[in-house]
Amino acid sequence: MNMHSTISKSNETFMGQYLEALSLVERLHRLLLDVIKDEFERVGVLEINAVQALLLFNVGENEVTAGELKSRGYYQGSNVSYNLKKLVDMGYMHHQRCEIDRRSVRVKLTEKGRHVSDTVTDLFERHAEGLEKRAVLTPADIDEINISLRRVERYWTDQIRYIY
């Protein structure tokens, strides 16, 4: 066996593992949205979708702009603007034009929005407790996952910033 075929095999193995990881990230994101959707169906909140519930959770007690949510990496531009407008229209968020930059709108949760955010928080707390209690993941496992995902995030961010 020559050196080239060894490297090629190694790259194929890594590529396969990388593609599996990408597939898992995609599936986990879709599953997360399904879990949130099921929770809101269970508690009888049917007018918002899982993406909107997650957006309310991510805003939490903060007052933010759509641009800030985008720059944090949570949402795409048109998607966040559309969902923020819907959430304001349904009474889950207040909005106010910025005094300094009149083009920018700041949003924060209403009491109704805080209730949704709290529901997501409670769901995630139950999940964290269950994962630990059933020994699905240890705190060290979570740390390792987070470290690895941050490295991939940094690598992808560098690809966007420096290659294109």
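Throughout, numbering of the chain's residues begins at 1 and tracks the sequence.
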Any salt bridge between [X] and [Y], counting N to O under 4.0 Å?
X    : Y    : answer
E39  : R42  : yes
R150 : E153 : no
E68  : R106 : yes
D34  : R30  : no

Whether H127 and F124 hold their rings parallel, tilted or perpendicular, with breakpoints at 30° and 60°
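Tilted, since the angle between the ring planes falls between 30° and 60°.
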Under 6.0 Å from the [atom1] atom of [X], do we count more than 12 heavy atoms belonging to anything else shown?
X    : atom1 : answer
K112 : NZ    : yes
E129 : CD    : no
E132 : CD    : no
E41  : CD    : yes

Verify same cluster id: Y18, I145 (apolar side-chain graph, 4.5 Å)
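No, no single cluster joins them.
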Between L149 and L33, is there shared hydrophobic-cluster membership here, with clusters defined by ILVMFWY side-chain heavy atoms closer than 4.5 Å?
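L149 does not cluster with L33.
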Minimum heavy-atom distance V120-A53, with the two atoms named:
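Taking every non-hydrogen atom into account, CG2-O, 4.0 Å.
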Atom of S117, atom of G60 and distance for their closest heavy-atom approach
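What the structure gives for the nearest pair is OG-CA, 4.1 Å.
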Between the side chains of D141 and T138, is a donor N or O closer than 3.5 angstrom to an acceptor N or O?
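Distance-only check passes for D141 and T138.
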Under a 3.5 Å cutoff, is there a donor and acceptor pairing between the side chains of E111 and Y92?
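No pair is found: no donor N or O on one side chain lies under 3.5 Å from an acceptor on the other.
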Side-chain heavy atoms of V64 within contact of V107, under 4.5 Å:
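Yes. Closest side-chain heavy atoms under 4.5 Å.
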In the structure I gave you, are the side-chain heavy atoms of K108 and V59 within less than 4.5 Å of one another anywhere?
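With C-beta onward as the side chain, the pair stays apart.
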Checking side-chain contact (heavy atoms from CB on, under 4.5 Å) between H94 and each of L87, T110, L109, V88, which is the one that passes?
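Result for side-chain contact (heavy atoms from CB on, under 4.5 Å) with H94: T110.
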Would S23 and R27 satisfy side chain to side chain donor-acceptor pair (under 3.5 Å), going step by step from the backbone distance to the final call?
CA-CA 6 Å; S23 179; R27 285 199 322 260; 3.0 Å; yes
